[in-house]
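Here is the structure we will look at, set down as structure tokens.
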Amino acid sequence: MEPRLRLREHEGVNLPRETAGLVIDAVQGLEARLQPRIPQVTRTEGVVKIGNLIGSARMADGTVLEVEPKVPASSSWPSAVVQLLNKESRISVTGSQRSRQGHARQDLTSVIAFEYARRLENAISKDGPLQLFERYRLNSRRLSGRLDVSAYTRNAWRDPILFPVQRDQLTVANDFARGLSVVSHAFRRSVSDSALSAQLLRLESAVIPGHPLPEHINPVAATRPMPSQWKNYRPAWDIAAAVLRNRSIINDPGHSIGLEVAVEPWPLLETLLERTLAAVTRAAPNIVFGAKRRYPILKLRGAIAGSVEPDGVLRDDTGQVVATFEAKYTLPSTHPSEDHRYQALATAAVLHSPIAILVYPGAEEPRIYDVQGFNGQPMQLATMGLELYGYERGSGEKRRADAVLRLLGTMAGRTP
């Protein structure tokens with residue numbers, strides 16, 4: 001088996017000087033893709049600490065660096081991560097040698113591969129191969145297609161019956177299908193489960209039947225949305241596009257690598273909060289959840305000099321703010337940290353909200369604080385955990401929405 005180094009977020013570890021250097025280089029190598037807001041690795045007097053990063057990455061000596069969440073979580077935490085990925089998610093993909101067959105690893109790469117295969121299998125079974133019109137340029141003895149007049153007039157003196165034409169042809173060998181095939185191949189070389197590897201091998205050709213397997217694809221394809229008529233392919237394409245945005249995967253003619261996948265976790269908590277609040281509005285029709293936006297907190301001669309951007313806002317059907325939410329990917333202490341509570345209270349004050357709520361990634365029970373000052377806007381501050389790494393799509397947001405509604409009901413019935 002390949003060597004692996006397992007670490008946990010925000011836990012400092014004493015490592016030999018050479019190993020510490022390899023860890024730092026591996027994590028810093030992910031920054032171009034993840035573009036983190038804060039540094040993801042630090043070293044102080046020989047102690048290496050990784051933060052704001054989960055998943056795996058390949059180190060220069062071939063060792064796989066695995067980073068587990070700082071929040072206590074079951075072994076199924078990668079499944080929750082995959083369910084929270086969307087088309088905006090930034091994931092970093094590094095190459096590895098082909099995984100050896102053996103016991104299935106429940107790491108992030110394996111679970112993403114499993115979910116990708118499930119989504120792609122579902123799309124193919126429902127809609128068949130993905131077909132789109134593609135424009136081809138060719139020289140033909142038959143004038144069939146749109147004639148490139150300029151090219152023809154330049155070369156007609158040589159061969160007047162050779163026509164440079166353009167044709168739009170419905171084909172399964174389009175950029176989307178080629179991209180899905182390339183990602184299937186990359187995942188196949190990354191998993192140790194033989195059944196999953198066999199499924200990905202079949203999907204690799206099933207998505208582009210009758211055509212040779214692609215050696216490269218157009219890099220622009222990773223930025224294009226899936227056409228609306230192929231909506232059943234969108235879930236698989238969300239994962240594929242995130243992988244393909246890593247250029248080393250796009251331009252891999254020999255398909256000699258597998259994948260190690262790493263994710264910046266704090267956006268996952270924001271995604272979970274958004275889904276939870278959307279579920280709140282479905283359960284309570286008199287409550288509205290709006291899109292994220294900035295609100296001015298400071299103005300200088302009419303110009304905005306500062307603003308706040310809550311991670312979530314609930315309003316009633318009259319437009320009045322019911323509560324504001326801030327998502328903080330941290331392990332809270334007994335009480336909210338100073339910067340977190342000031343941010344939550346200031347944001348609630350700007351929006352004239354009676355309630356400010358801080359949400360954490362763990363399973364913390366709700367706590368309600370009475371706020372002094374602010375003239376009742378806000379009147380109360382609450383904290384609660386959303387159990388990020390125990391999420392399951394569908395039932396997961398409903399259960400958390402019920403918890404939010406219970407908390408709001410409890411706070412509305414309190415008299416500070």
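- Note that the CD atom of Glu387 and the CD atom of Glu392 stand 10.0 Å from one another [nearest 0.5 Å].
- Using modelled atom types, no side-chain atom of Glu274 and backbone atom of Gly312 make a donor-acceptor pair closer than 3.5 Å.
- Judged by distance alone, with hydrogens and angles left aside, the side-chain atoms of Ser353 form a donor-acceptor pair with the main-chain N or O of Ile355 at under 3.5 Å.
- The shortest distance between side-chain heavy atoms of Leu130 and Val207 does not fall below 4.5 Å.
- Around atom OH of Tyr360, more than 12 heavy atoms belonging to other residues, nucleotides or ligands sit under 6.0 Å away.
- A donor-acceptor pair is defined here as one N or O able to donate and one able to accept, closer than 3.5 Å; no such pair exists between the side chain of Ser181 and the backbone of Ala177.
- At distances below 3.5 Å, not a single donor-acceptor pair connects side-chain atoms of Thr347 with backbone N or O atoms of Ala344.
- Using a distance-only test at 3.5 Å, with no hydrogens or angles considered, no donor-acceptor pair links the side chain of Arg315 to the main chain of Ile287.
- Glu66 places no side-chain N or O within 3.5 Å of a backbone atom of Arg6 that could act as its donor or acceptor partner.
- Not one N or O on the side chain of Arg400 forms a donor-acceptor pair closer than 3.5 Å with the backbone of Thr276.
- Expressed to the nearest 0.5 Å, how far NZ of Lys328 lies from CG of Leu358 amounts to 7.5 Å.
- For the atom pair CG (Leu244) and CZ (Arg178), the distance works out to 12.0 Å, reported to the nearest 0.5 Å.
- Sorted by first and then second residue, the ring pair (Phe, Tyr, Trp, His ring centres under 6.0 Å) pairs with a member in residues 260-300 form an empty list; sequence neighbours excluded.
- For Tyr116, the ring pair (Phe, Tyr, Trp, His ring centres under 6.0 Å) test picks out Phe187, with sequence neighbours left out.
- Counting only heavy atoms from C-beta outward, the side chains of Tyr369 and Thr383 approach each other to under 4.5 Å.
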